[in-house]
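Comments concern the structure below.
Computed from a prediction, not measured in an experiment: that's the story for all the values here. Lettering of chains follows the sequences in order, A, B, ..., and the numbering in each one begins at 1.
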2 protein chains.
Amino acid sequence: MQTAKIHNKGEKTRAGIVECAGRLFYEHGYEGTSFSDIVEASGLFRGNIYHYFKTKDEILRAVIEAHLEVYRGMLAKWDAENDDAKIRMIAFVDMITGRKAELVEFGCPIGSLNTELAKDRRDLQQAASALFDLFRDWLTDCFKQLGKGAESESLALHLLGRAQGVAVISHVYRDAKLLRHETKTLRDWISQL
Amino acid sequence: MQTAKIHNKGEKTRAGIVECAGRLFYEHGYEGTSFSDIVEASGLFRGNIYHYFKTKDEILRAVIEAHLEVYRGMLAKWDAENDDAKIRMIAFVDMITGRKAELVEFGCPIGSLNTELAKDRRDLQQAASALFDLFRDWLTDCFKQLGKGAESESLALHLLGRAQGVAVISHVYRDAKLLRHETKTLRDWISQL
DNA sequence: ATTATTATTGGACGATTGTCCAATAAATGG
DNA sequence: CCATTTATTGGACAATCGTCCAATAATAAT
């Protein structure tokens, strides 16, 4: 076989850059990550990276796209596994608990990115807010399925905000126990809807 | 009279730097504000600022101290005006609503600062977390006064987290209406404690 | 009035930032 | 096998970053 994907190697290099940059952006922030940092971490040369991305901003946009893809897959899996909206929303909360180590150390990847970009890079923040939109719309569907009608989006944003609050406080105090306690509160709130 | 405060003029210059830097840090973030930005905004010369602060970090520490002072005064005023803990906590939420324009545009001054510093400047974040501590301890006292005993600190952190969530979501979507709706939810929660 | 301390002026410093580009190597298409 | 596109190498670039410092002015102490 081996019709061979065109530019196969190039796409692998590109994906490697995105993965590498994504991790650095998450752990040190976007501005906190220099181009040289990406060069070092990826093991590539400056010029090689610039062959795939003309600017650092473009790398971030690719990172956001990649994250969108990951989260879309995650939501699709939850949708496939359960048709009870409550259980799906609990899965959302369980994701938070499951990633508590990273959340406590680096904060919410979506929230902290948006918060950083909202200050001085609104053009990029607009792209990053698509990550919030994804969850907002998915949660809105869940609430609609629970018969919440017109309130659904409002409730979705409430839950999203609660999740952000949990992430911020747990991160600031680097307290996994606090995160556990607050997610439990969140699960209770969902159960008694 | 005129025993004259020593170094009076110097202290005014110093206070001007702190105020100026504080506003810039809030609006553009700490790393997003360069030393030259502070120079321009304050109308002073580089060397003059360095006469008062040896590093940019020191300016931030002074800004944090100044904010602590402001918030301490605010809490003391609330304590003096009301001895009902619920009403005092409502005053806390009303502060959020009262500053909704800035919150929507620039986010929570305490939360966004801590979130930024937590990524790569943990030494500074430790100083900034004192701002959270101030409200946490004050809210804890409120809950204790409501007879919540050992749960009080946990509840204080819950409320603090809720407030952070409101700020993050409203900021990301730059939506004052959302902030209004969510603070109403917060007031309701306090009322029915 | 003279000294000592504090404040201001204004420029310079090396290090790091994101970006760019010509030269070379590798892979693909005819 | 040759031609052409794609990928990699490796360094250079101006601009900006935080920091530093000698010279001068102003104020306070004796």
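- Atom NZ in B:Lys56 sits roughly 20 Å away from atom P in C:dA15 (whole-Å rounding).
- Neither OP1 nor OP2 of C:dT16 sits under 4.0 Å from any side-chain N or O of A:Ser34.
- The OH atom of B:Tyr52 sits 13 Å away from the C1' atom of C:dT5 (whole-angstrom rounding).
- Taking only distance into account, the side chain of A:Arg46 meets the base of C:dT19 through a donor-acceptor pair shorter than 3.5 Å.
- The nucleotide whose nearest atom lies closest to any side-chain atom of A:His51 is, among C:dG10, D:dC17, D:dT6, D:dT6.
- Rounded to a whole Å, the CD atom of A:Glu11 is 19 Å from the P atom of D:dT5.
- Protein atom CZ of A:Phe53 is 16 Å distant from nucleotide atom P of D:dT6, rounded to whole Å.
- Side-chain atoms of A:Tyr173 and B:Asn114 include no donor-acceptor pair closer than 3.5 Å.
- Rounding to whole angstrom units, NZ of residue A:Lys54 and P of C:dC21 are separated by 12 Å.
- Between A:Tyr30 and A:Asn48, the residue whose closest nucleotide on DNA chain C is further toward the 5' end is A:Tyr30.
- Taking the six-membered ring where tryptophan is involved, the planes of A:Phe25 and A:Tyr30 are perpendicular, since the angle between them exceeds 60° and thus also 30°.
- The shortest distance between side-chain heavy atoms of B:Asp141 and B:Asp137 does not fall below 4.5 Å.
- Here D:dA22 presents its C1' atom at 16 Å from CZ of B:Phe45, a figure rounded to the nearest Å.
- In this structure, B:Tyr50 reaches the bases: a heavy-atom distance under 4.0 Å links it to at least one base atom across the strands shown.
- Taking only side-chain atoms of B:Thr13, from C-beta outward, the nucleotide of D:dG18, C:dT8, D:dT9 with the closest atom is C:dT8.
- The CD1-C1' distance, from A:Ile49 to D:dT9, rounds to 12 Å in whole Å.
- Checked by atom type, the side-chain pair B:Asp37/B:Ser34 shows a donor-acceptor distance below 3.5 Å.
- Proximity note for B:Thr55 (side chain, C-beta onward) versus D:dT8, D:dC17, D:dT19: the nearest is D:dT19.
- Comparing C:dT19, C:dG10, C:dT17 against the side chain of A:Phe35 picks out C:dT19 as the nearest.
- In this pair, B:Trp78 and B:Phe92 present their aromatic rings perpendicular. The plane angle is above 60°, beyond the 30 to 60° band.
- In this structure, the CD atom of B:Glu58 is 15 Å from the P atom of D:dG18, given to the nearest Å.
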